[in-house]
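Notes for the one structure printed next.
Residue indices begin at 1 and follow the sequence shown.
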Amino acid sequence: MKYFIVLYNTFLWAMIISFIMFKNLWLEMRMNIGLCFFIIWALLFIIFIFINNKKHIFEKHSIFSLINLIVCFIIALIILSPSAILYTPSSIIRDGLYAKRLLKLNTINIALFIFMFGGILIILISSLNKKFNKK
């Protein structure tokens with residue numbers, strides 16, 4: 001479960017970094033932001049797995065993940081406009097997967113919605129389950 005928690009939180013941070021890169025016109029015109037997103041996500045995942053094994057920074061993982069989701073959503077609203085937040089994440093992921101013809105934006109949006117809210121539900125349920133098993 002700890003790998004999923006790290007994967008979930010680093011996904012949010014990598015998405016915020018890719019939003020910042022997407023808003024920079026020079027970067028957006030010259031680089032594949034989607035590919036950068038997956039590279040940043042993988043690097044953050046590896047870094048935080050090593051850090052978490054030594055310092056256990058995700059001990060209160062359910063609270064941390066919930067606050068992280070809310071803060072990242074607010075930052076995304078600040079960086080992007082509310083209308084752009086509906087399609088920018090899915091277009092970044094579609095560019096990173098090189099699947100412009102295969103995947104529609106709405107399909108990726110549904111997968112993102114399931115991952116974001118299903119992921120936080122899984123984290124919260126596992127935290128509650130862990131508390132009840134200790135008693």
Can you tell me how far [atom2] of [Y] sits from [atom1] of [X], rounded to the nearest 0.5 angstrom?
| X | Y | atom1 | atom2 | result |
| --- | --- | --- | --- | --- |
| S62 | I125 | OG | CD1 | 11.5 Å |
| N9 | F48 | CG | CZ | 9.0 Å |
| M29 | N24 | CE | CG | 11.5 Å |
| L105 | R94 | CG | CZ | 4.0 Å |
| L7 | K2 | CG | NZ | 14.0 Å |
| S91 | I108 | OG | CD1 | 8.5 Å |

Result of checking I79, L27, I92 against F22 for side-chain contact (heavy atoms from CB on, under 4.5 Å):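 Per the side-chain contact (heavy atoms from CB on, under 4.5 Å) rule, the option paired with F22 is I92, out of I79, L27, I92.
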Over all atoms of both residues, closest heavy-atom pair of I123 and S126: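 Nearest pair, atom of I123 first, then S126: O-OG, 3.0 Å.
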Minimal non-hydrogen separation, S90 against L112, with atom names: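 In terms of heavy atoms, the two residues are closest at N-CD1, 4.0 Å.
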Side chain proximity check, [X] to [Y], heavy atoms < 4.5 angstrom:
| X | Y | result |
| --- | --- | --- |
| L12 | M116 | yes |
| I40 | M21 | yes |
| F19 | T88 | yes |
| I17 | L44 | yes |
| F73 | L69 | no |
| M15 | I93 | yes |

So if you build clusters from Ile, Leu, Val, Met, Phe, Trp, Tyr with side-chain heavy-atom gaps below 4.5 Å, do [X] and [Y] land together?
| X | Y | value |
| --- | --- | --- |
| I5 | I51 | yes |
| I67 | V6 | yes |
| I16 | Y87 | no |
| F117 | W13 | yes |
| L35 | L43 | yes |

Aromatic plane relationship, F11 with W41 - under 30° parallel, 30 to 60° tilted, over 60° perpendicular: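 If you compare the ring of W41 with that of F11, the planes turn out perpendicular.
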Plane angle bin for F115 and Y8 - parallel if under 30°, tilted between 30 and 60°, otherwise perpendicular: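 The rings of Y8 and F115 sit tilted, inter-plane angle from 30° to 60°.
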Short side-chain to backbone donor-acceptor contact, N133 and N129, under 3.5 Å: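 Yes, N133 side chain to N129 backbone: donor-acceptor pair under 3.5 Å.
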Partners meeting side-chain contact (heavy atoms from CB on, under 4.5 Å) with S83 (sequence neighbours left out):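 S83 satisfies side-chain contact (heavy atoms from CB on, under 4.5 Å) with S81 only.
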Heavy atoms of other groups near F113 CZ, more than 12 under 6.0 Å: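 For F113, atom CZ is not crowded (no more than 12 foreign heavy atoms under 6.0 Å).
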D95 and N32: side chain donor to acceptor below 3.5 Å: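 Looking only at side-chain atoms, N32 and D95 do not form any donor-acceptor pair under 3.5 Å.
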